[in-house]
Amino acid sequence: MKQLFSFKNLKYSACVVALFGVIQLLISLNIFDDYYQITIATICINIILAVSLNLIAGFTGQFSLGHAGFMSIGAYACALITLNINSNYSFFLGIFVGAILSALLGFVIGIPTLRLKGDYLAIATLGMAEIIKIIAQNLEFTGGAAGLSDIPQYTNWVWLFFFTAGTVVVIKNFINSSHGRACVSIREDEIASEVMGINTTKYKVLAFVIGAFFAGIAGALYSTYFYVINPGLFGFLKSVDILVIVVIGGMGSIRGSIIASILLAIVSTYLQDFPEIRMILYSLILVVVMLAREFIKTKKINLDILNIKKYIKTNGAR
Amino acid sequence: MFSVKRLSLILVVIMLAATMFTACSQSSNTNSNEINVGLNYELSGAGATYGQDTVDGIMMAIDEINAAGGVLGKKINPIKQDNKTDPAEATSITTKLATKENVVAILGPATSGATKASIPVAVKNKVPLITGSATADDITVDAKGVKEYGYRICFNDSFQGTVMANFALKNMNAKSAVVLMDSSSDYGKGLAKNFRETFTKAGGTIVEDEAFIKGDKDFSAVLTKIKDKNFDILLISGYYNEAGLIIKQAKDMGINKPILGGDGFDSPDLAKLAGNSALSNVFFSTHYSLLDKDATVVKFMDEFKKKYNKDSNAFNALGYDLGYFIADAIKRANSEDPTKIKEAIDATEGFKGVTGKFSIDENHNPVKTAVVIELKDGAQVSALKIEP
Amino acid sequence: MEQFVQQLINGLSLGSIYALIALGYTMVYGIVKLINFAHGDIFMVGAYVGFVSITYFNMGFFPALLIAMLFCAVLGVVIEKVAYKPLRNASRITALITAIGVSLLLEYVVMFFAKAGVRTYPENVLPNLEMTILGVRITFTQVCIFAVTIALVILLQFIVHKTRVGKAMRAVSMDKDAAQLMGINVNNTISVTFAIGSALAGAAGILVGVYYNSIDPLMGIIPGLKAFVAAVFGGIGIIPGAMIGGFSIGAVETMVSGYGSSLYKDAVAFAILILVLIVKPSGLLGKNTREKV
Amino acid sequence: MPLLSVKNLTKSFGGLTAVSNANLTLNKGELVGLIGPNGAGKTTVFNLLTGVYVPSSGSIELSVGDNVRKINGLKPYNITRLGISRTFQNIRLFKDLTVLDNVRIAMHQNVKYGLISSFFRLPSYYREEQEVIKKAESLLEIFKLDTKKNELSRNLPYGEQRRLEIARALATNPSLLLLDEPAAGMNPNETAELTDLIDWIRKEFNLTILLIEHDMSLVMKICERLYVLDYGMIIAEGKPEEIKTNKRVIEAYLGEEVPHA
């Protein structure tokens, strides 16, 4: 119990509360007007998506290209519930059901596909997300290609913050627990991990399920914020967008995912002012960032090599 | 560890500063000599074709208007934004246009999904939003009532679907139909749905219900399947991009049944894709006919060709009308107040555009005549007006 | 039966296109282990180059085909040198994201210059002939597509198995470092691979333009994805596998449209892919490799 | 009752038989060596014992408490839970994790708190995590790695990586420890140190150890019994002195590497 109130925890909690307070203040002073609030909503939803994908791809090392598929399950479930059940609790029911259904799907899909590795897993999850999209396109109750519209806007800044902070805290806690370490060990060396007593299948599926759960929440928030969802939104490119955030922020770095979500949202708002060449600039930035990151990284490796040389020099050759 | 923390802190500070900076810089760019009109369009992504085409039309109209002195003595300043065919992005852009750019009205988006996401924002900010091509029935009115600030100047799906079904039943004596729809667009699905309903209610049968998705190029499988079926007409519910290919492949395969469609067919590209020889016995509903020799239409087509070096299509024409439509509303409102402009739009009576003469009804839809055009060897040979 | 054969023919001509694109995917994957998502867009660029050559320079089909292949080969090499080479030792996911960036870049640069709308190839680039054998209709264009695909695959097999370059390619795909030690110029070999793969995609682009008569800047996304599915299906990195995969996906698609519901043709293709992966993760012709412990 | 008894163990990959009809018995507390020329199938035996490979035929029985459990066909993590742990010939640490994490991961099976506790850091999380850290640190102390507990394991020098791997294996709380060439790549000093360490942990942790090693000085010094494997078959078994003079063994090693003892 003592550790719960440790200095570090208190400091983090204080930061979170302060961040909420500052933004809340800016909103109530109308410095953050509607437009910034939409940007903030996008950021929050992207953070949830990126952090949950990071759990799967960055921490557990399972390369998934189908995260948008899970998001769509949450979005559709929550939209259908809020559209059809008129109650004060339908929003929470929607989020809950959306997240659970998404997690369930993660479980059902995870068990067979997680036997695959690397690129094969990526293409299988991509196929899975495409199948979900096509099914949503052709079902009557999901509104077909038009999707669902006039979804009541329940999501507001407070809920966005609550769920985003909640996602980050829960996933961070998970990573720093024995269960989370089991997941990370799979990324590091699957065979060694299994020999060290870890049921790798269970933990891969678990990471998948937890990731899907939070992607479902993100989808639910999306649908109850942006009024409209349709299958086209949850295609391959959406999965890629999420992956881009995770990779730019750094695989296995929650902080990185958060920062990348914010940065990309800001870049995107800047690019709005260049409507004709928006996508050209975006793709250029993407390529340049990836190349620059690698450039810096190799420089660092070079430095490490120098260090090793130095190390050998000072300790004598073996 | 420590340095990473410090770095992220610095980043956050920079970002906050950057955000503030944009907040300040943007509020200052209102120019009192110009009237800002927002263009919220699909310039990239799956709907880019429709967005870009509509914007071409709008820009041409606005250039003409400005060259003629503008409205209320001021130039119209189009503020163009790309919504990437993404409803969330469309919402963001609508908000930006309404709150940051001080626009008096927003034109667009072109696709129904993005439009549906934008209208609640327009309503919230009390800025009229007019779309030229979102055809879903529930764009302007749904179970909860009329969307206060949402308008369109194109047909809705149920109107066109009904028009084509009645045309098939009455003018062609069709008893059975094959429906081939674009299942990836709500236009395709909406049109097909309404056609199906009207057609079967009047005793017709749908022999086969098939679908394709945007971007498909090979329809031989589906066409082979329906080739030997017994039916009177084939409805292609989709845009010219795929319809042109379907018509070509169908005729190549020897399917000579009449082919019906909606205003999605209305593009010179249809003939290019299908080939003139294949474009016979094809009927589609649209806004205007080239046979009319209407002065506005002829002038528009000539000027458009001159300006963009290509033939105009329905999206260009609807965009062009959007430009004049909003200018007309501003003029009649005699004000730059969005609410006054909204009232002027409500009161639109007999607006004369390229796509016809229309008024705005209480459901914020245009009341205009549809024309069913028959194509023979790629050319329009007859036009039948159908009153709403 | 007649209909079945007709559908099979339809499937084969569609499959030829997938096969041509899949070959490039598989070669590049085989040698640098990169899912080159820009490959579908090189296919698109090929279609546009063909369009320009035929419409503005009044070239015939074969000169245009050559130009498109050449242009795409150069484009492929440039992309490799500029965007992928610096990432050769980076994590696979970094390279993948870069490939996606390049893909978007190609799409939107072409869209910027050519606009988003469709462009149409002139009619009669190839003679508009067709024949009917026992009620089954085959067009000259279909024959051409099939023939060009088969010819290119045979040529490719010849290059890979009978030439020095091909030997180098196989060596590099097995072990880059060892190949380097054996005196093989790894950089050149990789460039050649990109050039050949991209040229094949360019060929597919112009064939699509001629066959379907319609091209647009985003036309590469879906065929690219499906071709990749085809490559994995047949066993990625294996040339005959890509061809078999391409034809299979084409056939599955037409059969599902023809006998099931066209609504679900893509879903079925992906479902089969997932099933194949689960049953035989390395694809139809792939060899299962065991990790050494 | 032997701790481990292996009967007629066979493993073939396609046409190649890597291990054929091997019989092996380990008594509690023994330190047994498994030697043989390169490619004889020693590591395959380890892989079979730990469930990384599934045997083609034969049986592996492990006594767990008072029961005897058949463990062939079980998943590696189940076998680890029953008390077999191992190191790898080509060091397989979790390279991008800290030394402490490497050990903590191996203690996973002893952690009882559930997912909910880990999500919300309930008291059980803190209680058990603290225990895990304490145990892990004391283990690291034994291997003289406690000062480096926060370093990434990839940054450790080679010898320390080997030691860490043993520490990690011990963290699973095994009754049987399989060491795959623990002295590979070490200099004589390090090897001697390691030899003492292995001997010490055996007593301290009450272990039975099966050891693959090429370094005969180490093998001869600490092993009580040896099995010799050649072409997947056990060709000899006995005390080190006996093995040293065994004709078949010498033949097997001829042309390869004569045991220098």
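Throughout, protein chains are lettered first and strands after them, A, B, ... in sequence-line order, and every chain is numbered starting at 1.
Heavy atoms of other residues, nucleotides or ligands lying less than 6.0 angstrom from CZ of A:F107 number 12 at most. Counting heavy-atom neighbours within 6.0 Å of A:R115 CZ, excluding the residue itself, gives a total of 12 or less. The neighbour count for A:R293 CZ, taken as heavy atoms of other residues, nucleotides or ligands under 6.0 Å away, is above 12. Around NZ of D:K28, the count of heavy atoms belonging to other residues, nucleotides or ligands within 6.0 Å exceeds 12.
At a threshold of 4.5 Å between non-hydrogen side-chain atoms, the residues D:Y77 and A:I198 do not count as touching. At least one side-chain heavy atom of D:L115 sits less than 4.5 Å from a side-chain heavy atom of A:L206. In this structure, the side chains of D:R121 and A:N176 come closer than 4.5 Å at one or more pairs of heavy atoms. Side-chain contact between D:H108 and A:M196 is absent, with no heavy atoms from C-beta onward closer than 4.5 Å.
Under the side-chain contact (heavy atoms from CB on, under 4.5 Å) criterion, D:D196 pairs with D:K221, not counting sequence neighbours. Under the rule for a side-chain contact (heavy atoms from CB on, under 4.5 Å), the partners of A:A218 that lie at least two apart in sequence or sit in another chain are A:I45, A:I48, A:L49. Considering only residues two or more places apart in sequence or on other chains, D:E61 meets the side-chain contact (heavy atoms from CB on, under 4.5 Å) condition with D:S5, D:K7, D:V68, D:K70.
The closest donor-acceptor contact from the side chain of D:R104 to the backbone of A:S178 lies at 3.5 Å or more, if one exists at all.
With a 4.5 Å cut-off on non-hydrogen atoms, A:I171 does not touch chain D at all.
Taking chain D as the reference chain and counting heavy-atom pairs below 4.5 Å, the highest number among A:G252, A:G180, A:S193 is found for A:S193. Ranked by heavy-atom pairs shorter than 4.5 Å toward chain A, the options D:T50, D:D96, D:L93 are led by D:D96. In terms of heavy-atom pairs under 4.5 angstrom with chain D, the leader among A:T200, A:V170, A:N199 is A:N199.
To the nearest 0.5 Å, the span separating CG on D:D101 from CD on A:E188 amounts to 9.5 Å. Atoms OG and CG, from D:S117 and A:N173 in turn, are 11.0 Å apart once rounded to the nearest 0.5 Å. Within the model, atoms CZ of D:F94 and CZ of A:R187 stand 11.0 Å from one another, a figure rounded to the nearest 0.5 Å. Taking CG of A:D189 as the reference point, atom CD1 of D:I91 lies at 12.0 Å (rounded to 0.5 Å).
When the heavy atoms of residues 96-103 of chain A are compared with those of chain D, none of the residues falls under 4.5 Å.
Taking the six-membered ring where the residue is Trp, A:F174 and D:F119 present tilted rings, their angle falling between 30° and 60°.
Scanning both residues, A:V195 and D:T80, for their nearest heavy atoms gives O-OG1, 2.6 Å.
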